[in-house]
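One structure is given here, and the rest of the page talks about it.
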There are 2 protein chains.
Amino acid sequence: MFNKETEYALRSLVYIQHQNDRNIRPGIEEIAKEIEAPHAFTAKILQRLVRLGFVQSAKGRGGGFFFDPNKPVVTLHDLIQSTEGTRTYEGCGFGLKTCDDAHPCPLHFQYAPIRAALQKLVREESIQSLARNPHSHFKAATEK
Amino acid sequence: MFNKETEYALRSLVYIQHQNDRNIRPGIEEIAKEIEAPHAFTAKILQRLVRLGFVQSAKGRGGGFFFDPNKPVVTLHDLIQSTEGTRTYEGCGFGLKTCDDAHPCPLHFQYAPIRAALQKLVREESIQSLARNPHSHFKAATEK
DNA sequence: TTATAAAAGGACAATGGGGTCTTTTTATAT
DNA sequence: ATATAAAAAGACCCCATTGTCCTTTTATAA
Ligand code: FES
Ligand code: FES
């Protein structure tokens, strides 16, 4: 569904929150290994996310990544907006400039409800809700 | 939702079928202009689709693109498979190698039904069904 | 106060997506 | 047969994505 950067960002942040909930602040090497992502690239991505304020980091011995519990949760929409953009779940499936019930493309009436469900998903779910989802084991092997 | 190549391919083919239904075999210049796509790139894409047998072409004076009515319809899934691949609507939204109710990622139970709806859409709709959709005007302006 | 562990930063590189342009081939109208 | 109209083919280009690697900064532990 999403591009590599978004996937790595998603998995990284969920892993960080998951570990934070166990009082651990994981470092880059640990994160990259656990989420099965290239560590240098993951470092680049997290560096950006820290700059954006989505997550915090501590340098030096005993450092690592962590969330400030006083900050609002990071929704998937927030994250995706900052990486690949929301084109995937906003805008016309046919590529038209405007999407409008009054000027529908041939896909409109079938596609619009699905797109709306996607939008609801990314706006309602957050790094925190995913990290605390009791019905999941995210430490599965990751794709090629 | 889809990448440029898929969008241009989609719009081109729907336009060709639409014109064919009016006994017209449009050429590249006309197609590219109507669907608001770069004509040289559109030519490349259609060239590939002809090689793949999705659509036919006639060279020389009075030539153009057309569908063989005796061939089976081209589903969106067929088309997408031949361009960007089906990663967008198949596979795990979190990027895991396998998607499985028994080993769900944190997105699985919310994402799987939406993905299933997308799969149904691309498998049931075809260039022909879209071209003959009475509730649409695809000749709207197209995105940036 | 010095060694060490960790993140930050920056330069570089491979690949694919998204395109342009020119030449070649093929068919048709005259 | 020849001029013309059209698609096919191939060389090339730019830039975003997806990375790697090396140096620098910062914090802590001993
Ligand atoms: S106009 Fe295309 S999805 Fe609405
Ligand atoms: S395991 Fe991720 S969507 Fe099914």
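Naming: A, B, ... by sequence-line order, numbering from 1 per chain.
A donor-acceptor distance shorter than 3.5 angstrom exists from the side chain of A:Asn20 to the backbone of A:Ile24, with no hydrogens or angles considered. A distance-only check finds a donor-acceptor pair linking the side chain of B:Ser12 to the backbone of B:Tyr8 [under 3.5 Å].
Here C:dG18 is the nucleotide among C:dT26, C:dT20, C:dG18 with the atom lying nearest to any side-chain atom of B:Lys4. The listed nucleotides are C:dG9, C:dG10, D:dA11; the one nearest the side chain of A:Lys44 is C:dG10. For B:Tyr8, counting side-chain heavy atoms from C-beta on, the closest listed nucleotide (C:dT25, C:dA7, C:dG19) is C:dG19. You'll find that the side chain of B:Phe65 is closest to D:dA8, out of D:dT25, D:dG19, D:dA8. Side-chain proximity of A:Arg51 to D:dT28, C:dG9, C:dT20: nearest is C:dG9. The side chain of A:Ala40 approaches D:dT20 more closely than any other nucleotide in the set D:dT4, D:dA9, D:dT20. Taking every side-chain heavy atom of B:Lys59 into account, D:dA8 is the closest of D:dG19, D:dA8, C:dG19. Listed nucleotides D:dA8, C:dG19, D:dA29 differ in distance to B:Val50; the shortest reach to its side chain belongs to D:dA8. Distances were taken from every side-chain heavy atom of A:Ile28 (C-beta onward) to each of C:dT20, C:dA7, C:dT28; the shortest belongs to C:dA7.
For the pair B:Glu84 and B:His39, both in contact range of DNA chain C, the more 5′-proximal nearest nucleotide belongs to B:Glu84.
The CZ atom of A:Arg11 sits 12 Å away from the P atom of D:dT18 (whole-angstrom rounding). The interatomic distance linking B:Glu5 (CD) with C:dG17 (P) rounds to 8 Å, in whole Å. A:Glu29 places its CD atom 13 Å from the P atom of C:dA8, with the value rounded to the nearest Å. We find that CZ of A:Arg25 is positioned 13 Å from C1' of C:dA6, with the value rounded to whole Å.
Contact annotation for A:Ala58: backbone-only contact, meaning every heavy-atom pair under 4.0 Å involves sugar-phosphate atoms and none involves a base.
Atom OH of B:Tyr15 is separated from atom CD1 of B:Ile127 by 15.0 Å, given to the nearest 0.5 angstrom.
Side chains of B:Leu13 and B:Ile16 form a contact here, defined as non-hydrogen atoms less than 4.5 Å apart.
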